[in-house]
Amino acid sequence: MAIRMPRIIQARKILKRSLSNGSTTPASMDIPKGYFAIYVGEQEKKRFVVSVSLLSEPTFQELLHQAEEEFGYNHPMGGLTIPCSEDVFTHLASRFGAF
């Protein structure tokens, strides 16, 4: 467990920085506590609302790292953007019960 904590803390920092760059819009206000919005897709982005428990999964942390490399902390959609196909993301998220 102690080995995973630094990666979880890093994932939370990435999420916090990403969300602080976006503006507060009506779409961002419909997110329940314990969840966050994420944009997924290679060309056309689709918005998902997923559980924060996904942040503790190593596979998702790798996606966050890729997002950091591709977008930095200035995400074009105003929220966290993950550079993978929608199919890959939905498979991953459903595997961990993040929806």
Side-chain angles (χ1 to χ4, degrees):
M1 180 78 108
I3 295 170
R4 293 177 64 192
M5 290 305 290
R7 295 200 82 189
I8 293 171
I9 292 168
Q10 180 184 17
R12 286 184 181 165
K13 286 179 182 179
I14 290 170
L15 178 62
K16 189 180 288 187
R17 281 185 237 156
S18 171
L19 295 177
S20 69
N21 286 338
S23 61
T24 303
T25 62
S28 68
M29 301 183 99
D30 65 350
I31 301 170
K33 188 173 184 170
Y35 289 79
F36 64 98
I38 189 167
Y39 294 91
V40 177
E42 293 168 332
Q43 297 295 326
E44 195 171 310
K45 308 290 187 231
K46 183 174 179 183
R47 183 177 184 259
F48 291 90
V49 177
V50 295
S51 171
V52 296
S53 65
L54 195 59
L55 293 172
S56 65
E57 298 299 333
T59 308
F60 184 73
Q61 291 174 9
E62 181 59 35
L63 284 175
L64 284 177
H65 182 69
Q66 290 175 10
E68 179 185 6
E69 288 177 354
E70 186 165 329
F71 300 112
Y73 295 111
N74 186 18
H75 293 267
M77 300 296 293
L80 184 59
T81 306
I82 298 292
C84 73
S85 73
E86 188 179 326
D87 292 338
V88 169
F89 179 76
T90 54
H91 175 73
L92 172 72
S94 63
R95 197 170 92 198
F96 296 118
F99 294 117

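Throughout, residue positions are numbered sequentially from 1 according to the sequence presented.
When every heavy atom of Val49 is checked against every heavy atom of Pro32, the shortest pair comes out as CG1-CD, 4.2 Å. Nearest heavy atoms, Leu63 versus Leu92: CD1-CD2, 3.4 Å. Among all heavy-atom pairs drawn from Ser85 and Val40, the shortest one is O-CG1, 3.8 Å.
Remark: Glu57 CD to Leu64 CG distance equals 12.0 Å, nearest 0.5 Å. Between atom CG of residue Leu55 and atom CD of residue Gln61 there is a gap of 7.5 Å, rounded to the nearest 0.5 Å. Here Arg95 contributes atom CZ and Thr90 contributes atom OG1; the two are 12.0 Å apart, rounded to the nearest 0.5 Å.
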Inset, instruction - Would you please test His65 and Glu69 for side-chain hydrogen bond (donor to acceptor under 3.5 Å, both in side chains) and show each step? - result: CA-CA 6 Å; His65 182 69; Glu69 288 177 354; 2.8 Å; yes

Inset, instruction - Check the pair Phe36, Val52 against side chain to side chain contact (heavy atoms under 4.5 Å, CB included), reporting the backbone distance first and the verdict last. - result: CA-CA 7 Å; Phe36 64 98; Val52 296; 3.8 Å; yes

Inset, instruction - Go through Val50 and Phe89 one step at a time and tell me if the side chain to side chain contact (heavy atoms under 4.5 Å, CB included) criterion holds. - result: CA-CA 11 Å; Val50 295; Phe89 179 76; 4.0 Å; yes

Inset, instruction - Would you sort out whether Ile82 and Gln66 count as a side chain to side chain contact (heavy atoms under 4.5 Å, CB included), showing the intermediate values? - result: CA-CA 8 Å; Ile82 298 292; Gln66 290 175 10; over 6 Å; no

Legend entry - Test log, rule side chain to side chain contact (heavy atoms under 4.5 Å, CB included), inputs Lys45 and Thr81: CA-CA 8 Å; Lys45 308 290 187 231; Thr81 306; 3.6 Å; yes

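The salt bridge (Lys or Arg N to Asp or Glu O under 4.0 Å) pairs that include a residue from residues 80-92 are Lys46-Glu86, where partners are two or more places apart or lie in different chains.
With sequence neighbours left out, the side chain to side chain donor-acceptor pair (under 3.5 Å) criterion links Gln43 to no other residue. Annotation: side chain to side chain donor-acceptor pair (under 3.5 Å) contacts of Ser53 (sequence neighbours excluded): Ser51.
Taking the six-membered ring where the residue is Trp, the centroids of Phe60 and Phe96 are separated by 6.0 Å or more.
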